[in-house]
Amino acid sequence: MQEKYIPAEVEAAAQIHWQKTAAARAVEDAARPKYYCLSMFPYPSGKLHMGHVRNYTIGDVLARFQRMQGFNVLQPMGWDAFGMPAENAAIANRVAPAGWTRQNIADMKKQLQALGLSLDWARELATCTPEYYRWEQWLFTRLFEKGLIYKKLGTVNWDPVDQTVLANEQVIDGRGWRSGALVEKREIPMYYMRITAYAEELLAGLETLSGWPEQVKRMQKNWIGKSVGVRLAFPYTLEGEAKKLWVFTTRADTLMGVTFVAVAAEHPLALHAARKNPELAAFIEECRQGSVAEADLATMEKKGMPTGLTVRHPLTGAEIPLWVGNYVLMGYGEGAVMAVPAHDERDFAFAQKYALPIRQVIAAEGEQFSLEHWQDWYADKTRAFCVHSGKYDGLNHAAAVDAIAADLEAQGLGEKKTQFRLRDWGISRQRYWGCPIPILHCEHCGDVPVPDDQLPVRLPEAVTLTGAGSPLARMPEFYATTCPRCGKAARRETDTMDTFVESSWYFLRYACPDNHSAMLDERVNYWLRDGVDQYIGGIEHAILHLLYARFFHKLIRDVGLPGVKLPDEPFRNLLPQGMVIAPAFYRDSGDNTKEWFNPAGLDLILDERGRTIGATLKADGQPVTVGGMEKMSKSKNNGVDPQQFIDLHGADTARLFMMFAAPPEQSLEWSDAGVEGASRFLRRVWRMVFEHVNAVAGAGHAALPDLAHVRAWLETQPARKDLRRKLHQTIAKVADDYGRRQQFNTAVAAVMELLNACDKVDRSTPGSPETLALTQEILEAVVLMLFPIVPHIAQSLYAALKPGADATRAAFPKVDESALAQDEIELMLQVAGKLRGSFKVAATADKAAIEAAALATEAAQKFLEGRPPKKVVVVPGRLVNIVP
RNA sequence: GCGCAGGUGGCGAAACAGGUAGACGCACUGGAUUUAGAUUCCAGCGCCGCAAGGCGUAAGGGUUCAAAUCCCUUCCUGCGCACCA
C-alpha cells in the first residue's frame, strides 16, 4: 500500500475495475428484491453544474447503500434533450440544435463518469431520438382518439417585433428579451391534455404517498385546489336576446353583497361593449399588454373600466354594473367574477379605487362591522352569519350556501359545483426543437392523428433558425402531406410538444430502452412493481414536473399496454434536494445593470474571524462588491466548475464535501475551506489504514485473534470495550442515517467521531494482537460505512485491509448487539427545569431507584435545603427534574 | 399577490418522539514538529463575567415540571406560480 493518497490514481483504478466487472449493470432477476433509484435526468446544457453533482451523488449514495443491503439496484441515466437552450445556441452560434445537443451529451457523459457514479449506461436514453419520441407520438394519437387530448384557444406571449411567441422566461419587465418590444397577449389554437379529468385521482393519490415530504404533497394539493362552490348566472339582455353570464364562487352566501361583476378584457361581452366605446377599446388594448405569467398578473396594479352594460342579480333582479378588470383571467373558469367588496380584499380595494358601493352582508356575534375590521372574522365560518340578505338573514355559511344554491337551481340560474384550480395542460409549442405533434390538418377530415405505420413523425435536423417562429412552418418538405383518410392534400402540424411531456415518462422507458416494437414491455413490471423506490431531484420540481409525471403515468396505465401492469403512483419515495449556493460578486455597470465576477478571478479580503469583507478583481486590482449567497448560476457567474474541481481534488472529495456540508433537502453553501476539510478527512482515513496495515505486517503475528478471543479480552479493557461499543453504535446510526433518515451529513459526522475516539484510545495503550484485531474490525467497518459516499478511496482501502477483497461486493457492516450492552448510564439532573448536574445509575434501575439516586445527589440536596420536593419528574434513560 | 419551506456560535451545521443546545467540520487563537512553507499533532473556542453565576436557538407573547422543537402575532430569506428545465 502506498503511503500517500493520490486521488487521481485511486479513482482511475477503481473506475477501471467497476467497468471491467460491470458493477453497475442492472439485470432483471425475479428471485431478488429490486431497488429502482432514480435521479432527475439533466438537460444537456453543455457542462455539468454543482447542482447535478449533488443530485447524482445523493442518488449514488443511496444506490450503493442499497446494493450493500442486498438489493438488485437499477440506477439509470439519460438526457432531457429537447428544449429552448439548443435553439438559442443555434441562433447565436449558427449550429444545428441536434449537433449541439449531441456534443453536449458526449461532454457531460464524460463528466458524469468522472464522478464514479454506479450508473447502468446500457440503459442510457435521449429524448430527442426518434426511438424515444416515436412512442410519445404513438401515445398522443391514442389519447387524442380517447378525447384526453383536445384543441382550444390558449393565451401566449407575443413579441410584435420579432413576430414570435415568447416563453415567460423570455419576457422581462413586460418586454421581449431580444427585441425589447412591449409583449402582448395573443390567443392561438393549441392542444391540451385533459389533466382535470384526473384531478380527483391526483388529489386522492397524494394520501397514499407516505414516502413523500408533507411539504410537496401540500403544494400539490393546493395547486390542484379542489373547492366546492356554486356556479351561478347573472342574466342580461344583449340586442334583444336573453343571455346568462356565468361565474363561480365559493362564497355564495355573500351573493346579496354583489355590487358589480367583472369580466376579462378578452371576454366577448367586453369586446362587444368596446365596439361603440373607444375609451373601453383603448383600455382593452392596454390589458393585452404584459406577460401571461400568473405572478405578473397577480402583482400588477388592479385596473378596471365600466362597460356601460349591466347584468341582473339572479335573485333580486337588481341591475348590476358590468366592468372589465385586468385581473380577471379569460383562461380561468368562466372569464368572469362576481365582486363583493365588503367581504373580499381584492374587490374591496377595487371598489375603493373606483368608488363602487360596498355592501355588508356577513356579520358575526359581538363584532362591529367596519371597513378596517371584517377580515378577522369573515372567514370564521362557525361565527359568521348573513345580514342584509332578506330571507337568508341569520343563516350561517353552509346553510346560506345551501339555501341560495337551491333557490338558484329552481330558476335554472345556478347549481352547486366542485371546481379545481388545476387547469388543463397546454402542450403546443411554436418551437422547433421538440417532439413533433403527430396530427395532420385536412380540409375535409379535420384534425387527423398520424396512423401508426407513419410514425415516427421525424423532426428534420438540417434547419436554419432565425428566432422568428418555427422553421418547420417554412418547410413544405416537412408539412406538405396527404390525408390518410381521404387521400387529399393535408398539412402537417408544425407545433412541437412541451418538453415536460418527455420528462413525464422517461422513468418507465429506462426499464426497456431497447424495445423498438412497443413503448413498454414486461420488464417494467419488475422494476416498477411498486413504483420507483427512490426519486431524487430539485425541490423546484415539486409541483409541475412531479404532477405531470404522476398524471402521465396514470394515462399510460389507463391506455393499457400489452403485458404491462403499472402501479397507481410512479414514485414511492421522493427526496427533494436543495440548491447549491455560493457568494456572488459584482460591480454596478452604471446603466442599472450589474457585471458579475467569478470567484476564481478574485482575491478575497477576510477579517480576523475569517469572514469575507471584500474582494478585488485579480485582473485590475480594483474592488468588487460582495453580494449575498446566490444559487450557482450562469447569470450570477458564481459557479464552480465540477470538472476543474475533480481534476484538482478528486471526485471523492467533491462527493464527501457535498454530502457532509448539509443535509440533502437544505440548500448547500459552497465553501473552498469546507472542501479542504473533506480532503483532509480522506487523507486522515488513508493514513490510519496505512499505519494499521504496516503495524500488522510489522507485528509478524501468524493471524489476528478471532472475535470470541477479543471479546473475552475486552472484559479486562474497559476503555477498549467502550470503543467497540462506540463502533457498533456508529454502525447502527450510520445504517439508519443512510436508509431511513437519508441524512448523510450526520452519517459522516458519526464516522468522524468514531475515528476521533479510536485515535484517543490507541495512543494510550501499546499495540498487541488483540488491539490490532479491534483496529482491523473498526477500520474495515469505517471503510465500508464510507463506501457509498467515497467509493473510490474505499475500494482501495478495503483491498489494502483485506487483500483480494472487493468492497463493491461487500455487505454493509452488521451490528453486534452484544457490544451495545451497558452496565451503568449517566442521567442529567435538573432542578426547576435548569440543568444542575448529572449522576450515574445502573442501566437496569427502575423509576423509584432513579428518583432516589437523583435526590441523593449533592446538587439536589443543596437546592432542596432539607425540604421535600414539590414534584419529581423521571424520564428513564434521560433525566430527572426536581421541582423544589 | 397567492401557495410551500426555512431563520440555532465568526461560518456550514447537530439536537431523530417536548427532555444535556451547539455533536461533526470549517475558520480563528496558543503551543509542538519542520530550514521555511505545506502537512501533521496537542490545547482552547456561544455571549457577559476573575469567579460563582447569569444570559442565549429571527423578534414578541403563550402552553408545560421542561420549548430550537407545540400554539398565536410580527419580521426576514428561499422555492414555485402553469411556455426555463
Side-chain angles (χ1 to χ4, degrees), chain A residues 40 42-43 45 80 83-85 154 156-157 165-171 213-216 218-223 225 291-300 302 327 331 345-346 422-431 498-500 503 538-545 547-548 576 578-579 581 606-612 628-629 631 660-663 665-669 671 673-678 680-681 683-684 687 736-737 740-741 743 745-746 748-753 756 759 826-830 832-835 838 870-873 875 877-883:
Chain A
M40 291 181 185
Y43 176 80
S45 57
D80 188 13
M84 287 206 309
V156 295
N157 302 307
V165 175
L166 297 179
N168 283 335
E169 187 194 50
Q170 299 170 315
V171 180
E214 287 303 321
Q215 167 200 6
V216 175
R218 253 193 293 274
M219 280 196 267
Q220 292 215 351
K221 185 179 175 191
N222 292 336
W223 184 264
S291 90
V292 298
E294 159 107 13
D296 293 342
L297 292 166
T299 48
M300 73 186 176
K302 309 284 177 290
Y327 60 94
E345 254 172 287
R346 198 170 58 174
L422 182 69
R423 310 199 291 264
D424 277 339
W425 175 14
I427 55 163
S428 292
R429 297 291 179 270
Q430 298 68 48
R431 277 184 248 290
D498 180 358
T499 57
F500 267 127
S503 55
I539 182 67
E540 66 273 19
H541 297 292
I543 297 177
L544 288 179
H545 162 64
L547 190 64
Y548 288 148
M579 300 176 306
I581 57 178
L606 307 178
D607 70 3
E608 76 281 0
R609 299 192 120 140
R611 281 175 296 196
T612 304
M629 283 289 178
K631 178 176 175 174
F660 179 60
E665 72 284 357
Q666 274 181 44
S667 59
L668 181 146
E669 267 184 45
S671 132
V675 165
E676 199 44 58
R680 189 178 306 162
F681 175 69
R683 287 198 301 268
R684 181 180 176 208
R687 197 173 54 245
D736 188 47
D737 279 352
R740 180 183 62 91
R741 298 183 68 215
Q743 302 279 295
N745 55 334
T746 50
V748 175
V751 175
M752 287 174 168
E753 244 186 285
N756 289 346
D759 253 357
E826 188 181 27
L827 299 183
M828 294 301 123
L829 177 72
Q830 286 186 350
K834 280 188 192 288
L835 185 68
S838 67
K870 212 185 274 172
K871 188 173 183 179
V872 179
V873 181
V875 185
R878 292 227 178 245
L879 56 71
V880 174
N881 188 13
I882 298 169
V883 186

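What you see is a predicted model; the values in this text were computed from it and never measured. Letters go in sequence order (proteins before strands), and every chain restarts at 1. Side chains are part of it too, since the values below use all heavy atoms of this structure and drop only hydrogens, waters and symmetry mates.
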On a whole-Å scale, what distance lies between the [atom1] atoms belonging to [N] and [M]?
N       : M       : atom1 : value
rG7(B)  : rA14(B) : P     : 9 Å
rG12(B) : rC47(B) : P     : 16 Å
rC11(B) : rG3(B)  : C1'   : 32 Å
rG22(B) : rA15(B) : C1'   : 8 Å
rG37(B) : rG31(B) : P     : 13 Å
rU63(B) : rG18(B) : C1'   : 11 Å
rC16(B) : rG60(B) : C1'   : 29 Å
rG56(B) : rA67(B) : P     : 11 Å

Phosphate OP1/OP2 of rC26(B): any Arg680(A) side-chain N/O under 4.0 Å: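 Yes, because at least one side-chain N or O of Arg680(A) sits under 4.0 Å from OP1 or OP2 of rC26(B).
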Can you tell me if Thr499(A) touches the phosphate of rA85(B), counting only side-chain N or O atoms and a distance under 4.0 Å to OP1 or OP2?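 For rA85(B), OP1/OP2 do have a side-chain N/O of Thr499(A) under 4.0 Å.
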From C-beta outward on [X], which listed nucleotide comes closest to its side chain: [options]?
X         : options                   : answer
Asn756(A) : rG25(B), rA14(B), rC65(B) : rG25(B)
Ala293(A) : rG19(B), rA13(B), rA82(B) : rA82(B)
Pro663(A) : rU40(B), rA15(B), rA13(B) : rA13(B)

May I have the distance from Arg429(A) (atom CZ) to rA82(B) (atom P), rounded to whole angstrom?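 The answer, rounded to whole Å, is 11 Å.
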Starting at atom CG of Asn168(A), determine the distance to atom P of rC81(B), rounded to an integer number of angstrom.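 My rounded result for the distance is 9 Å.
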Check nucleotides 3-5 of chain B against the protein and report each pair of N or O atoms closer than 3.5 Å, with its distance, or say if there are none.
unit_1: rG3(B); atom_1: O3'; unit_2: Asn222(A); atom_2: ND2; d: 2.7
unit_1: rG3(B); atom_1: O2'; unit_2: Asn222(A); atom_2: ND2; d: 3.0
unit_1: rC4(B); atom_1: OP1; unit_2: Asn222(A); atom_2: ND2; d: 3.4
unit_1: rC4(B); atom_1: O3'; unit_2: Arg218(A); atom_2: NE; d: 3.3
unit_1: rA5(B); atom_1: OP1; unit_2: Arg218(A); atom_2: NE; d: 2.4
unit_1: rA5(B); atom_1: OP1; unit_2: Arg218(A); atom_2: NH2; d: 2.3

Secondary-structure stems for RNA chain B, with pairs counted as Watson-Crick or G-U when both distances are under 3.5 Å and runs at least 3 long: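 Stems (3+ consecutive pairs) listed as B:1-7 with B:75-81, B:10-12 with B:24-26, B:28-32 with B:40-44, B:46-48 with B:53-55, B:58-62 with B:70-74.
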Can any side-chain N or O of Gln666(A) pair as donor or acceptor with the backbone N or O of Pro663(A) at less than 3.5 Å?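 Absent.
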Can you see which heavy atom on Asn157(A) is nearest to which on Val292(A), and at what distance?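 In this case the closest contact between Asn157(A) and Val292(A) is OD1-N, 2.8 Å.
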Where does rG9(B) fall, syn or anti, if syn means a chi angle no more than 90° from 0?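 Syn, which is what one calls it when the glycosidic angle falls within 90° of 0.
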